[in-house]
Every structure is written in structure tokens, then in C-alpha cells.
Amino acid sequence: MHRRTPIHLRRAGTSVIIDLATPGYPSILHWGEDLGDLSDLQLEHLAVASEPQRVSGGLDTPARLTILPLESHGWQNEPGLIGSRRGLAFSPTFGPVDVHMLPSDAGLVLEAVDEVAALKISSSLTLDSAGLLHQKHTLTNLGDSAYDLQHLLATFPLPSSARELLDTTGRHLRERFPQRHAFTTGRHVRDSRRGRPGADATLFLAAGTPGFAFERGLVHALHLAWSGSQRISAERSVAGHALLQAGELLSAGELSLAPGESYTTPDAIGSWGDGLTALSSRFHESIRARENHPTLPRPVTLNTWEAVYFDLDVDRLRRLADAGARVGIERFVLDDGWFRGRRDDTAGLGDWYVDEQVWPQGLGPIIDHVTGLGMQFGLWVEPEMVNADSDLARAHPDWILQSEAGLPLESRQQQVLDLSNPAVFDYLLERLDAILTEYDVAYLKWDHNRDLLEAGSPITGRVAVHENVVALYRLLDEIRRMHPGVEIESCASGGARVDLGILEHTDRIWTSDCIDPIERLTIQKYTNIVIPYELMGAHVSGPHSHSTGRRHELTLRAGVALPGHFGIEWDISRLDDAGLDAVAAWVDAHKRIRELAHTGRSVHADLPDSSADLRGLVSQGGERALFVYTQVTTSTSYPPEALTFPGLDDERSYRVSLAEPTARLDGPGQSPLSWAEQPITLSGRALRTRGIQAPVLFPEHLVLIDFTAI
Ligand code: DGJ
């Protein structure tokens, strides 16, 4: 019997084998470890080896897990495509499948038509240079009636060893905390119906061998590069299938394809690894290979929000800028409150004109002051939003997303504009362009402070979440095209819009409104599984956390923020000289390590004692590393146990020392720690396996440990 030879994609230590002859639609036979150079015969035999047997009580042709599993081929779990023509054409079946290889065999595009349902599907599978697997589908309506699309999902198979799930959940001020459970029969579904991913969204859904961790265990994960409503799920069936699925979550009637119209899914991105660190490295490498990835050092930022909130007194801001320049700040960002009618968060959104009462001479004087001190100037905006109490809302009530019954419930006293309305788009583009043209603004902090509800466009009457995300991406691109040097931060009530879709159009995310370093340890650790540090805003707050009420030493606050896109969000103009010197020392420390943090590998140790946290930055060549060791709560043993360091080069010898500004241990009075007193040299292998004595630290204290290869 002759069958089509499966296609073998191989890159960056990853193999993906695609069987074109699977009944129904092509399937992925293998996604994971590089299987080496396989002959055609071996590939064909792999396909044969994957064929299931018919079983009692089942279908005569057992269902197969394809990249578009459909009921027409026996799939009785979540189908990849659901839609109909007012109830008809409800069960598509596509074939035969045409295959087009992409240049350099980096992937392929599959195309097939269903003549009866009058639909065409086109699917692309790409293995990028970092070994990430990208999947997208495009559905085209070939018929002469509308096709109502309910969902179109990307489907990735999992190995049978995947028995435990990990994803993230959270809320405002506590985004991306991990949750784990057994991967049993059934579906684990993470839906976001918020019109943005939301604070509770999962950044990824991972499935692996029980107990998988950062350093060990085969694990696969899926991320959806999309900034609107979305679904990510994992499913295990009694027929032995295990899979990850992801796609946009559409509302009733939201996406109706007119004759000839197409819909393309967001990019669903799969990674795998032996441990989460390996899985996450693929994301980082792929993101860093993007053409638009920032290459200049990330400017140390001073953001005015937690420093002054709405108290935008110009003299006070000048003093803050002076203090910023004194400690080494490179970018000063004026947050919320500068525009017409904005004295607090109840009014003004939408009126993007400088408030003449607060700034009689416009923003020029403060910008000149900031740039005169050698810093860039950044400005906060929240273009998609509007307050009822604004000139814009009064003039254009029909520019606001709403249902036929009227406006949705308010959130932070605000509503959302319908960016899919060209008049709204043009107004925002004109306003933003005018500001960026008039002023020397190097950076926009682009906020989005509410979930969407009943997000209907007054123009069509239909839900327009999808259209709004598409329009947002277009608006961001247009601004970047018109003002090429301007960088944009994606902020959304802190970290409620963190995804690789928005990062295609912006330059960093604001990770969370919570800057409490203890909370940030977890938030940053799990955000970092997908997002590299250079794209992750990490600021040092004042001693007293505004979101948790806790107090922390500068060392902890700054040490936790150190690897990220570092900044200060604190009224440092009130500090005395010694206080400013201490802050300046941390700004210096960040400047010394930012290249390492923003180009190196990020590793997280799996410590047996959960009272501590150890995370590291290792240069790509292994010549240098910096680890941040935090005693989070009191240690179980006293002194704590040995620390072992992942990610170093086994074959190199490293000089190990405490790094400034933590070179002096502030422990509760024990004898000196030998290796900290007298520098030692150990091999990467010994450091990974035997390790070194952990320092005794008070809880909520940290030290930096430096490794320099000799
Ligand atoms: C929410 C953001 O996350 C904060 O940093 C700040 O910019 C406020 N919005 C301003 O309203």
C-alpha cells in the first residue's frame, strides 16, 4: 500500500512530523524532541505505527486527532471548527488536501475545500528558528450565503506522558499566579470573555509529566498571541487522545462571514522542553529574533503614578525629575492626569488635549525640563476609553460600545470606544499624532483599564470585540509608522493585556499594578515563562507597598525588579542624600546587569525548600551569571540547606562572590559565611550538583550572587 510520506520539520532541537494521509485532515504524529534524520520509509512507518485499532462499541473508523478535528471524521470531543449557515452546513468535511512547503522547509500550508458546505480551510504550521510551533487557520466562505462562525481552534497533540496541567490565574494586583492539577479525562478550559485577556487569563497552558518543574520533566505548552477574548483548553479523551487547543472566543453572531470573506485565527504558539526553563527559552529566543525587538538598552524609567498620582503640580514634578536625574533615570513618564478635565479617575478620558488650567503653557516646560536633564519624556494615554463625564462622550454617545438596550455597566467610571468605527479610529489617530508631533515624547504608556461587557458596535449592532482588537493593532502600527522612534508600553489595569499579540505592536508590558516585591516574585516568574525580562516592566516602589500595605527594604524591592525593564515608581524627591545614593547604587547595579538580563538565559531553580527563591541570568555563552537568592519566609532549616545553581556551563570554573549592592550580609548576627568572606572557585557541574551553603537571611531579604568564569 502506498501512502503519502509524512513531512518532517526539524529546527532548533525540535521535530514536528505531519501525516498528510490521516483520515479527515492532516495530523501531527510527533511534536517534541528531534528524532534525527528519518528516511521516508521510517516516516511512513511512524504513520502506520500511529493508526488506532477499531474497538467494541466504537466507530468502525476510529477518530483521529487531526489539527482540525471534526465530527465528520468521528471526532466526538471539542471540534476544531463550529459554525453554520443558519443551521445548515453544520458539519464540514475537507479534502483532498493540497500541501505547499514554505521556504527552507520551515513549515507548510495546507489547503482543502468542502464543496458541499462551500468552505475553504487553509492551515499553516511553522517551526520557527527557536523551535516554537506556530499554527493558524484561515476559513473562507465560498458560498453565496453568510456563514456564522462560532469558533475555529488550533489543535496540538500531547504525548501520553502529559498527566499534569499548569496554567496561570489571578486578579488585579495578583496576575499570573500558577495553578496545577492532574490532567484527567475531560476538558480543562480557560476562557476569557473580557475583551482583553484579563487579569485572570492564563498566559499559557502547560501539560507535562507529573511533577514537572523548571529543571525537569517533559512539558508542552500553548500560548495564544491574541489581545481579545480567548479560549485555551486541554482535553484528554477515553480514546487515548490528549491535546491542547486555543482560539478566539467569539460571541453570538459576532463573526458572520459574508460570501467571499475570510477569517484567520490568531497565532497559536506551542513550545516544549525538558522542564519549564527549556520550554521558556524557546519563547525568549523566538521573541528576541523578531525584527522589531528592542535592541537599545532598556532605559531606566521613573513613572509618576505611585509617586504623585493625580497631584500633577508642575514644581513637584520638576523636583521629581531632578531627583530622577540625580539617581540615573533615563526616561521620565508622566502618568494619568495631564489632559483636559482629568483631576481624578472620574472624568476626562477621551479628551486628549493638554489641560490648559493645569498647564497654561502646555507640556512644553516640563518636557524641556526633563529632556534638559538628559532624560527621555514619556506620556500616559488610554485611547480606547471614555468617561461619561467628558466632552467626547457628550458629543458622540454613539461612539461607545454597547448593546441595543444601552450602555454596559461602568467600570472605573468608564466605557469603551468602538475603535472599529472609522470616525473613532480617525479621531484617536489625529489626537495622538497631534500630541506626538507637538511634543518631544519618546514613549507612550498605553493603558486599558476595564474589561469589556456587551461590546456591541452601534454601527452594526453586533458584538465587535474581534473588530476592536484588529483596529487597535492597526492604530498602534499606524502610530509607530508615523512616529518611528516612539516606544509604546501595553498596560491594562496593570497586567491584564499581556500576550504576544499586543507585543507585536508594542515594546513592553506593564506586568502588574502590584509592585510589592514578594508578590512580584511569583508574578514575574510565571510571566517570564513566555515574556523575556526586557519586555517586562519592573519598578521599585516606596518602602510601603500601596497594594498590599507591607513594608520592605530597598534591597528586596530593587533586587526583585533588577532583571526586568527596570524603573522607579516612588516619590524619591523626598529622599535625603543617603537615600538617593542608595537608589542610585541600584540603578547602577541594573545598568551593569541589563545586558546580561536582556540577552541571556533566564533560569529558575527548583529549590526543595519553598521558603526561598533562586533565579538566575546566565549569559548565552555561559561566561557570566547573576543569581538572585531571596529568603521569602523563614527557612525550615537553620542555617538553610545548600543552594544548587541550574544553567551554568558544567565545564567552566566560576569565581563565586556576593555582588554589589548586596555584598555585605545583613543576617541576624551569625558567624560570617565562609564563601562570602573569601572568594571561591567551583565548576559549573559542582555548582549544579553539590552547590554551596545558602546564606542566613532574614525573611523578605535577598542577596545577589555573581558567577564569573575564569
Ligand atoms: C492603571 C495602571 O496600571 C497604573 O500604572 C496607572 O497608569 C493607572 N492606571 C492610571 O490611571
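Counting convention: from 1, in listed order, for ligands and their atoms alike. Source: prediction; values computed, not measured.
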Student: For ligand 1, output the ligand-protein N/O contacts shorter than 3.5 angstrom; if there are none, return none.
Tutor:
{"unit_1": "ligand 1", "atom_1": "3 (O)", "unit_2": "Gly494", "atom_2": "N", "d": "3.0"}
{"unit_1": "ligand 1", "atom_1": "3 (O)", "unit_2": "Asp513", "atom_2": "OD1", "d": "2.3"}
{"unit_1": "ligand 1", "atom_1": "3 (O)", "unit_2": "Asp513", "atom_2": "OD2", "d": "3.1"}
{"unit_1": "ligand 1", "atom_1": "5 (O)", "unit_2": "Lys445", "atom_2": "NZ", "d": "2.7"}
{"unit_1": "ligand 1", "atom_1": "5 (O)", "unit_2": "Asp513", "atom_2": "OD1", "d": "3.4"}
{"unit_1": "ligand 1", "atom_1": "7 (O)", "unit_2": "Asp335", "atom_2": "OD1", "d": "2.7"}
{"unit_1": "ligand 1", "atom_1": "7 (O)", "unit_2": "Asp335", "atom_2": "OD2", "d": "3.2"}
{"unit_1": "ligand 1", "atom_1": "7 (O)", "unit_2": "Trp380", "atom_2": "NE1", "d": "3.1"}
{"unit_1": "ligand 1", "atom_1": "7 (O)", "unit_2": "Lys445", "atom_2": "NZ", "d": "3.0"}
{"unit_1": "ligand 1", "atom_1": "7 (O)", "unit_2": "Asp447", "atom_2": "OD2", "d": "3.3"}
{"unit_1": "ligand 1", "atom_1": "9 (N)", "unit_2": "Asp447", "atom_2": "OD2", "d": "2.7"}
{"unit_1": "ligand 1", "atom_1": "9 (N)", "unit_2": "Asn449", "atom_2": "ND2", "d": "3.3"}
{"unit_1": "ligand 1", "atom_1": "11 (O)", "unit_2": "Asp336", "atom_2": "OD2", "d": "2.7"}
{"unit_1": "ligand 1", "atom_1": "11 (O)", "unit_2": "Arg412", "atom_2": "NH1", "d": "2.8"}
{"unit_1": "ligand 1", "atom_1": "11 (O)", "unit_2": "Arg412", "atom_2": "NH2", "d": "2.9"}

Student: Verify side-chain hydrogen bond (donor to acceptor under 3.5 Å, both in side chains) between Asn292 and His505, making sure each step is shown before the conclusion.
Tutor: CA-CA 9 Å; Asn292 56 350; His505 311 274; over 6 Å; no
Student: Parallel, tilted or perpendicular: which fits the ring planes of Tyr427 and Trp399, with parallel below 30° and perpendicular above 60°?
Tutor: tilted
Student: Within 45 degrees of the axis of the six-membered ring of Trp586 and under 6.0 Å from its centre: does Arg594 put its NZ or CZ there?
Tutor: no
Student: Evaluate Ser227 against Arg497 for side-chain hydrogen bond (donor to acceptor under 3.5 Å, both in side chains), listing each step before the verdict.
Tutor: CA-CA 6 Å; Ser227 313; Arg497 189 153 69 182; 5.5 Å; no
Student: Taking all non-hydrogen atoms of both residues, which atom of Ile287 and which atom of Pro532 are closest, and how far apart?
Tutor: CD1-CD, 3.7 Å
Student: Flag this pair as yes if the NZ/CZ of Arg340 is under 6.0 angstrom from the six-membered ring centre of Tyr353 and inside a 45 degree cone about the axis; otherwise no.
Tutor: yes
